[in-house]
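One structure is given below, encoded as structure tokens.
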Amino acid sequence: MKKILSILMVAAMLLAVFAGCADKEATAPVPDTGTEAPAPPTDKPAGNPDNSTPSSGSGEMAIVAMAMGMPYFEAIETGAMAYAAKHGYNVTFTGPASVDAAAQANVIQDLISKGVSAIAVSPVDDVSLASTLKEAADAGIRVITYDLDMADPATREYYVCSCDNLPMAEHMAEVMAGLLDGEGKVAILAGTVTSSIENARIERMQEYYAEKYPNIEIVAVAEGHDDMQQSLEAATNLMSAHPDLDGIIANSSVSVPAAGQAVTTAGKIGEVKVIGLSTPNDCKELVHSGAIQAVQLWDNIYFGEVVVQTMADLLAGAEIGEGYTFENFEKAYVTADNVIMLGETLDFTTENIDNYDF
């Protein structure tokens, strides 16, 4: 019981994770069934002909998390703050105390009042936050998003994305298909329904199975509200409602350990396969116990570094466009719609999860 409570207390601080990829020279075994991250373009834009990063502009930069105290964002903070200290950038990492859209808007309002020069936001609600971000932009603040994008891209300048969302959905679906040998009943445990990115990923998984694996049926989609206890109950209810369930694809960092714990409590380790997006530290014990078969994510330390450098380049007057390259980040690249992609997705399994500490 103490072990279960310990897992619940740690995982309760997690948050929904969306999108995916990483680099930083880290390589992890990827199941043969997985899809590869798209290759970065090789052309250089006219504004950056020598592939160099401009000198940093002046001004304070702020990174706003969906909520503070959560391992997923703490790893991003670690990377961002260490990188800022190394390069002499003035960066503040902040966010609301809990996952609350109104509270996050208040945090951004405070940053506007303080006159920061650039803000990077992982939006709790990708629609309601639009007016606040517009206010920031009207005040002359450079506004970008990271981890999650806004529903309307016009409300930000750039989106630092851990991976291409739909290929990530296909990768997750493919990993589960490999575990089930191409047939079985699967449920999806979502984090939140207020994210258009997460909803698009779920929809693509459904389409992918219909196209590639007609013998895999998605029997239900449940929501855990990015809360450990609610996610645990949702996973338990899924197995009760579908006693012949073969797998759970957990679509947020909270729901992965929750699903693993639910499978453990139900005595269905190995019978119900679990995969999904989460941090390695919060899933290690459950991966080694066999309750979770694979965890997908990217290197969040690297993620934080790229977010800082993106804001620094903007403040330095860089024209970041398709083909732009960042010094120190060889695999990061920019798409035509001002999305900055990080690199490759990592799959954490029993073979490599102990090699990562975040």
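Throughout, residue positions are numbered sequentially from 1 according to the sequence presented. Quantities reported herein were computed from a predicted structural model and do not represent experimental measurements.
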Query raised in the report: After noting the C-alpha distance and the side-chain angles of Val99 and His225, does the key distance pass the side chain to side chain contact (heavy atoms under 4.5 Å, CB included) rule?
Result: CA-CA 10 Å; Val99 183; His225 302 280; over 6 Å; no

Query raised in the report: Is there a side chain to side chain contact (heavy atoms under 4.5 Å, CB included) between Thr264 and Gln261 once you walk through the steps?
Result: CA-CA 5 Å; Thr264 301; Gln261 187 56 55; 4.1 Å; yes

Report task. Quick one: do Phe303 and Asp299 satisfy side chain to side chain contact (heavy atoms under 4.5 Å, CB included)? Show the steps, please. Result -> CA-CA 6 Å; Phe303 198 175; Asp299 187 340; over 6 Å; no

Query raised in the report: Which is it for Met311 and Tyr158 under the side chain to side chain contact (heavy atoms under 4.5 Å, CB included) test, yes or no, and what are the steps along the way?
Result: CA-CA 10 Å; Met311 290 190 289; Tyr158 294 90; over 6 Å; no

Query raised in the report: How far apart are the C-alpha atoms of Asp313 and Gln309, what are their side-chain angles, what is the distance that settles it, and do they pass the side chain to side chain donor-acceptor pair (under 3.5 Å) test?
Result: CA-CA 6 Å; Asp313 283 10; Gln309 192 61 62; 2.7 Å; yes

**Report entry** Verdict with supporting geometry, Asp147 and Tyr72, side chain to side chain donor-acceptor pair (under 3.5 Å)
**Finding:** CA-CA 10 Å; Asp147 188 54; Tyr72 178 79; 2.4 Å; yes

Report task. Go through the steps to decide whether Glu305 and Lys86 satisfy the test salt bridge (charged side-chain N to carboxylate O under 4.0 Å, His left out), and finish with yes or no. Result -> CA-CA 11 Å; Glu305 294 174 348; Lys86 178 180 179 180; over 6 Å; no

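In summary, the side chains of Tyr356 and Asn281 do not present any donor paired with an acceptor at a separation below 3.5 Å, with no hydrogens or angles considered. If you check the side chains of Glu174 and Tyr208, you find a donor sitting under 3.5 Å from an acceptor. No side-chain N or O of Ser113 forms a donor-acceptor pair with one of Asp110 less than 3.5 Å apart. Ser98 and Asp100 are not linked by any side-chain donor-acceptor pair at a separation below 3.5 angstrom, with hydrogens and angles left out of the test. A donor and an acceptor atom, one from each side chain of Glu183 and Tyr213, are nowhere located under 3.5 Å apart. For the residue pair Gln109/Glu135, the side-chain donor-acceptor check at 3.5 Å is satisfied.
Paired with Val64 under the rule side chain to side chain contact (heavy atoms under 4.5 Å, CB included), one option of Leu129, Thr92, Leu111 passes, and it is Leu111. Partner of Leu277 under the side chain to side chain contact (heavy atoms under 4.5 Å, CB included) criterion, chosen from Val254, Val295, Asn251: Asn251.
Residue Leu133 is not grouped with residue Ile197 when hydrophobic side chains (ILVMFWY) are merged at heavy-atom distances under 4.5 angstrom, including chains of intermediate members. When the side chains of ILVMFWY residues are joined at heavy-atom separations under 4.5 Å, either directly or via intervening members, Ile119 and Met66 end up in two distinct hydrophobic clusters. Under the 4.5 Å side-chain heavy-atom criterion for Ile, Leu, Val, Met, Phe, Trp and Tyr, Ile269 and Val272 are members of the same hydrophobic cluster. Under the 4.5 Å side-chain heavy-atom criterion for grouping Ile, Leu, Val, Met, Phe, Trp and Tyr, Val143 is not connected to Phe93 through any hydrophobic cluster. Clustering ILVMFWY residues whenever any of their side-chain heavy atoms sit less than 4.5 angstrom apart, transitively, puts Phe358 in the very cluster that holds Met68.
Between Glu207 and Lys212, no side-chain nitrogen of the basic residue sits less than 4.0 Å from a carboxylate oxygen of the acidic one, so the salt-bridge criterion is not met. Note on Glu198 versus Arg201: no salt bridge recorded, every NZ/NE/NH1/NH2 to OD/OE distance being 4.0 Å or above.
The CG atom of Asp126 lies 10.0 Å from the OG1 atom of Thr145; values are rounded to the nearest 0.5 Å. For the atom pair CD (Glu77) and CG (Asn300), the distance works out to 12.0 Å, reported to the nearest 0.5 Å. Note that CG of Asp149 is 8.0 Å distant from SG of Cys161, once rounded to the nearest 0.5 Å. Remark: Thr132 OG1 to Ile108 CD1 distance equals 6.0 Å, nearest 0.5 Å. Atom OG1 of Thr78 is separated from atom CD1 of Ile301 by 5.0 Å, given to the nearest 0.5 angstrom. To the nearest 0.5 Å, atom CZ of residue Phe73 and atom OG1 of residue Thr94 are 12.5 Å apart.
Nearest approach of Ser278 to Leu297, heavy atoms of both residues: O-CD2, 3.1 Å. Considering all non-hydrogen atoms of both residues, Gly260 and Ile292 come closest at CA-CG1, 3.9 Å. In plain terms, the two heavy atoms of Ser117 and Gly59 that are nearest each other are OG-CA, 3.2 Å. Taking every heavy atom of both residues into account, Ile275 and Leu179 meet most closely at CG2-CD1, 3.6 Å. Taking both residues in full, the closest heavy atoms of Met61 and Ala312 are given as SD-N, 3.6 Å, listed atom of the first, atom of the second, then distance. Of all heavy-atom pairs between Ala220 and His242, the closest is CB-NE2, 3.8 Å.
Remark: side-chain polar atoms of Arg142 are paired, donor with acceptor, to backbone N or O of Leu314 under 3.5 angstrom. Here the side chain of Asn352 pairs a donor or acceptor atom with the backbone of Thr349 at under 3.5 angstrom. A donor-acceptor distance shorter than 3.5 angstrom exists from the side chain of Asp227 to the backbone of Gln230, with no hydrogens or angles considered. Of the possible polar contacts, none joining the Thr265 side chain to the Ala262 backbone as a donor-acceptor pair under 3.5 Å is found. Of the possible donor and acceptor atoms, one in the side chain of Gln104 sits under 3.5 Å from a partner among the backbone N and O of Val124. Judged by distance alone, the side chain of Glu322 and the main-chain N or O of Tyr333 form no donor-acceptor pair under 3.5 Å.
Taking 4.5 Å as the limit, some side-chain heavy atom of Gln206 sits within range of a side-chain heavy atom of Val221. Counting heavy atoms from C-beta on, the side chains of Lys284 and Val287 never come closer than 4.5 Å. Counting only heavy atoms from C-beta outward, the side chains of Met150 and Val127 never approach each other to under 4.5 Å. Residues Val274 and Leu286 have side chains not in contact (no heavy-atom distance under 4.5 Å, counting atoms from C-beta outward). Met81 has its side chain out of reach of Ile63: every pair of non-hydrogen atoms, C-beta onward, lies at least 4.5 Å apart. You'll find the side chain of Val186 stays beyond 4.5 Å of the side chain of Met205, heavy atoms only. A 4.5 Å side-chain heavy-atom check between Lys268 and Leu245 finds every atom pair outside the cut-off. Side-chain contact between Val306 and Thr310: present, with at least one pair of heavy atoms (C-beta onward) separated by less than 4.5 Å.
Contacts of Lys185 classified as salt bridge (Lys or Arg N to Asp or Glu O under 4.0 Å), with partners at least two apart in sequence or in another chain: Asp244. Evaluation of the salt bridge (Lys or Arg N to Asp or Glu O under 4.0 Å) rule for Lys134 yields Asp138 as partners, not counting sequence neighbours.
Between Tyr324 and Phe326, the ring planes are perpendicular. Angles over 60° get that label, and only those under 30° would be called parallel.
In this structure, Tyr159 has its ring center no closer than 6.0 Å to that of Tyr146. Ring to ring, Phe329 and Tyr302 are close: their centroids are under 6.0 angstrom apart.
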